[in-house]
Amino acid sequence: MKIEENAIVGLTYELKVTNEAADSLPFSVEVRDQDDPFYFLYGDSGLPKTFEEKLENKVKGDNFNFTLTVEEAYGKPDDDLIVSVPKAQFNKEQGFEEEMLQEGNFLPLIDEDGYPMQAKVVKDLGEEVLLDFNHPLTGMNLHFDGEVFAIREATEQEKEEGFKVT
C-alpha cells in the first residue's frame, strides 16, 4: 500500500529545526523511533500540507529526507496570538499548580470546543501572565529524516471521526 488519502501512516524520524538566520545550525527537537512511531491520517491530519505532499505515494520501508521552510511549516509568529490572561484563571481547582506558570513552560489547555491546545508562558506580569498561543514550531524551518514505518487503510470510524495524531 502507498501513502494516499485516508491512509493511517506511521513514521520514524528525527526532526531538527533551524531559524531563518543564514548561519542557524540544525537542532534536534524530536526523535520518533520504532518503539514510539508517529501516526497520522493522511489528508486529514492537521499537519502542514507540504509535509503530507512530501510523503505522498511512498510505501512502507521508504526513506525520506526533506525540509519545510517556515512558510511551508507553521509560518511566522502571529503577535495577535500572544495575550495577557489573569493568573486567577489558572487555579488548583482547574488542575494548575503555581510552578506551571513559570516562564518557558507549556500549559495544557482546552479551547471552547473541547479540543486540546497549549500555550507557552512568556512572562509573569504579576496579576496576569503573558501567553503565546502560536504553534511551538512557528518561525522554524523543519528538517525531517526518517522512514515510513507502517501504512494501513483507515477504518470508516477513523475517516468519519478523525484520527488522533500520536
Side-chain angles (χ1 to χ4, degrees), residues 2-4 7-85 87 90 96-111 115-126 128-151 163-166:
K2 64 183 178 180
I3 296 176
E4 58 189 5
I8 300 295
V9 179
L11 305 175
T12 58
Y13 62 80
E14 180 176 14
L15 169 59
K16 295 181 179 180
V17 298
T18 56
N19 62 30
E20 293 188 286
D23 61 349
S24 177
L25 296 174
F27 178 81
S28 183
V29 295
E30 182 178 42
V31 174
R32 299 299 291 261
D33 60 20
Q34 292 183 357
D35 293 331
D36 184 29
F38 175 77
Y39 286 96
F40 66 97
L41 173 60
Y42 187 88
D44 191 24
S45 66
L47 298 166
K49 183 179 179 186
T50 306
F51 175 83
E52 289 192 353
E53 289 171 353
K54 300 265 187 190
L55 295 168
E56 189 170 28
N57 294 319
K58 293 198 176 295
V59 298
K60 182 178 177 179
D62 280 356
N63 292 314
F64 57 88
N65 185 306
F66 58 83
T67 297
L68 301 182
T69 64
V70 169
E71 293 75 20
E72 293 170 322
Y74 294 99
K76 295 183 184 287
D78 182 346
D79 290 341
D80 290 339
L81 295 177
I82 301 174
V83 296
S84 293
V85 178
K87 274 189 186 176
F90 304 102
F96 292 97
E97 299 292 333
E98 190 172 330
E99 58 269 9
M100 293 173 77
L101 298 179
Q102 292 180 355
E103 292 178 19
N105 284 350
F106 285 89
L107 297 177
L109 304 171
I110 297 175
D111 70 12
Y115 292 103
M117 59 187 292
Q118 65 181 0
K120 182 178 181 179
V121 178
V122 177
K123 188 162 183 70
D124 184 334
L125 302 172
E128 295 188 335
V129 63
L130 188 62
L131 300 178
D132 183 350
F133 285 90
N134 283 290
H135 189 282
L137 297 175
T138 297
M140 298 289 173
N141 297 303
L142 310 182
H143 309 271
F144 290 92
D145 186 12
E147 181 180 337
V148 178
F149 178 73
I151 307 171
F163 177 82
K164 183 178 182 239
V165 174
T166 60

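Each residue takes its place number in the sequence, starting with 1. It should be emphasised that the depicted structure is a prediction, and the values quoted were computed from it without experimental measurement.
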Original post:
Do side-chain atoms of Asp124 reach the backbone of Val129 as a donor and acceptor pair under 3.5 angstrom?
Top reply: no
**OP:** Give a yes or no on whether Phe27 atom CZ has more than 12 heavy-atom contacts from other residues, nucleotides or ligands under 6.0 Å away.
**Re:** no
Subject >> Between CG on residue Leu131 and CG on residue Leu101, distance to nearest 0.5 Å >> reply: 8.0 Å
Original post:
So which pairs with a foot in residues 128-145 pass salt bridge (charged side-chain N to carboxylate O under 4.0 Å, His left out), sequence neighbours left out?
Top reply: none
Original post:
Is there a side-chain contact between Phe64 and Lys58, using heavy atoms and a 4.5 Å cut-off?
Top reply: yes
Original post:
Does a donor on one side chain sit under 3.5 Å from an acceptor on the other, for Asn19 and Ser24?
Top reply: yes
Original post:
When rounded to the nearest 0.5 angstrom, what is the spacing between CG in Leu41 and CD1 in Ile8?
Top reply: 4.5 Å
Original post:
Going through the distances and angles, do Leu130 and Ile82 end up as a side-chain contact (heavy atoms from CB on, under 4.5 Å)?
Top reply: CA-CA 7 Å; Leu130 188 62; Ile82 301 174; 3.8 Å; yes
Subject >> Non-hydrogen atoms of Leu25 and Thr18 that approach each other most closely >> reply: C-CG2, 3.6 Å
Original post:
When rounded to the nearest 0.5 angstrom, what is the spacing between CG in Asp44 and CZ in Phe163?
Top reply: 11.5 Å
Original post:
Under 6.0 Å between the ring centres of Phe51 and Phe40?
Top reply: yes
Original post:
Taking all atoms of both residues into account, what is the closest heavy-atom pair of Ser45 and Val165, and its distance?
Top reply: O-CG2, 3.5 Å
Original post:
Considering only heavy atoms from C-beta outward, does the side chain of Val17 approach that of Leu137 to under 4.5 Å?
Top reply: yes
**OP:** List the steps, then state whether side-chain contact (heavy atoms from CB on, under 4.5 Å) holds for Leu109 with Phe96.
**Re:** CA-CA 10 Å; Leu109 304 171; Phe96 292 97; 3.6 Å; yes
**OP:** Quick one: closest heavy-atom pair of Pro77 and Gly139, and the distance?
**Re:** CD-CA, 4.2 Å
**OP:** Hey, could you give me the NZ/CD distance between Lys54 and Glu72, rounded to the nearest 0.5 Å?
**Re:** 5.5 Å
Original post:
With distance as the sole test, does Lys87 use its side chain to make a donor-acceptor pair with the main-chain N or O of Gly126 at under 3.5 Å?
Top reply: yes
Original post:
Under 3.5 Å, is there a donor-acceptor pair between the side chain of Glu52 and the main chain of Gly43?
Top reply: yes
Original post:
Hey, what's the ring geometry for Phe144 with Phe66, parallel, tilted or perpendicular (30° and 60° as the breaks)?
Top reply: tilted
**OP:** Check whether any side-chain heavy atom of Tyr74 lies under 4.5 Å from a side-chain heavy atom of Leu47, and answer yes or no.
**Re:** yes
Original post:
Under a 4.5 Å cut-off applied to non-hydrogen side-chain atoms, are Leu11 and Phe149 in contact?
Top reply: no
Subject >> Spacing of CD belonging to Gln34 relative to CD belonging to Glu147, to within rounding of 0.5 Å >> reply: 7.0 Å
**OP:** Using a 4.5 Å cut-off on heavy atoms from C-beta on, say whether the side chain of Tyr42 contacts that of Ile151.
**Re:** no
Original post:
Less than 4.5 Å apart, any side-chain heavy atom of Gln118 and any of Pro108?
Top reply: no
**OP:** Could you tell me whether a side-chain N or O of Asp62 sits under 3.5 Å from a main-chain N or O of Asn57, the two making a donor and an acceptor?
**Re:** no
Subject >> Heavy atoms of other groups near Glu98 CD, more than 12 under 6.0 Å >> reply: no
Subject >> Sub-4.5 Å side-chain heavy-atom contact between Ser28 and Glu14 >> reply: yes
**OP:** For residues 19-34, pull every pair meeting salt bridge (charged side-chain N to carboxylate O under 4.0 Å, His left out), keeping only residues two or more places apart or in separate chains.
**Re:** Glu20-Lys76, Glu30-Arg32, Arg32-Asp36
Original post:
Quick one: does Asn105's side chain have a donor or acceptor within less than 3.5 Å of a partner on Val121's backbone?
Top reply: no
**OP:** Give, for atom CZ of Phe133 and atom CG of Leu107, the distance between the pair rounded to the nearest 0.5 Å.
**Re:** 8.0 Å
